[in-house]
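Report on the structure given below.
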Amino acid sequence: LNPGLMSDGEQMLLSLVSILGRFAYWWVWNTLGWSPGKRVAGLRIVNADGGVPGLESGFRRSVMSLVSELILFAGYLWALRDARNQTWHDKAGGTFVVVAPAEDQRPV
């Protein structure tokens, strides 16, 4: 698609579809507690009890990921100064990123 050939309305629709697509991708993986990239890196997302985040936590985490991205990734950088190394989306979802158990570190 050539953006120069699209109307303003078409460009806005394409942007909205892109944002919603990223949100859906994040929601699925944040709900499950891992993504293909996290699996390769040997990481996992867990709730405070060490379990799978679930739909509600995954949703909150995904919303805040989007907010953080829109604010120049400030929520990601927050982890550098946070005592628990949590990003804004970790705090919103009540989650932590941890090293995955050995049985979870298999190829995708």
Contact check, side chains of Trp34 and Leu43, non-hydrogen atoms, under 4.5 Å: no

On a heavy-atom basis, the closest approach of Pro53 and Gly33 is CD-CA, 3.7 Å

Please report the shortest heavy-atom distance between Ser68 and Gly75, naming the atom on each side. OG-N, 2.8 Å

Side chain proximity check, Trp78 to His89, heavy atoms < 4.5 angstrom: no

Which residue in the set Asn30, Leu32, Thr31 passes side chain to side chain contact (heavy atoms under 4.5 Å, CB included) when paired with Val28? Leu32

Are any non-hydrogen side-chain atoms of Arg22 and Glu69 less than 4.5 angstrom apart? yes

Got a second to check how far Trp88's CH2 is from Ser65's OG, nearest 0.5 Å? 11.5 Å

Side chain to side chain contact (heavy atoms under 4.5 Å, CB included) with Val97: of Asn85, Thr87, Asp90, Val46, only one passes, and it is Asp90

Do Trp27 and Leu55 touch side chain to side chain, with heavy atoms closer than 4.5 Å? yes

Taking Asp82 for its side chain and Arg84 for its backbone only, find out whether a donor-acceptor pair lies under 3.5 Å. yes

With the 4.5 Å side-chain cut-off for hydrophobic clustering, are Leu13 and Leu20 part of the same group? no

In terms of relative ring orientation, are Trp29 and Tyr25 parallel, tilted or perpendicular, with 30° and 60° separating the classes? perpendicular

Other residues, nucleotides, ligands: >12 heavy atoms within 6.0 Å of Glu10 CD: yes

Heavy-atom side-chain proximity of Asn47 to Val52 below 4.5 angstrom: no

So which heavy atom on Gly58 is nearest to which on Ser62, and how close? O-OG, 2.7 Å

If you define the side chain from C-beta out and look only at heavy atoms, does anything of Trp26 sit under 4.5 Å from Val63? no

Only residue of Arg60, Gln86, Arg44, Arg61 satisfying side-chain hydrogen bond (donor to acceptor under 3.5 Å, both in side chains) with Thr95 is Arg61

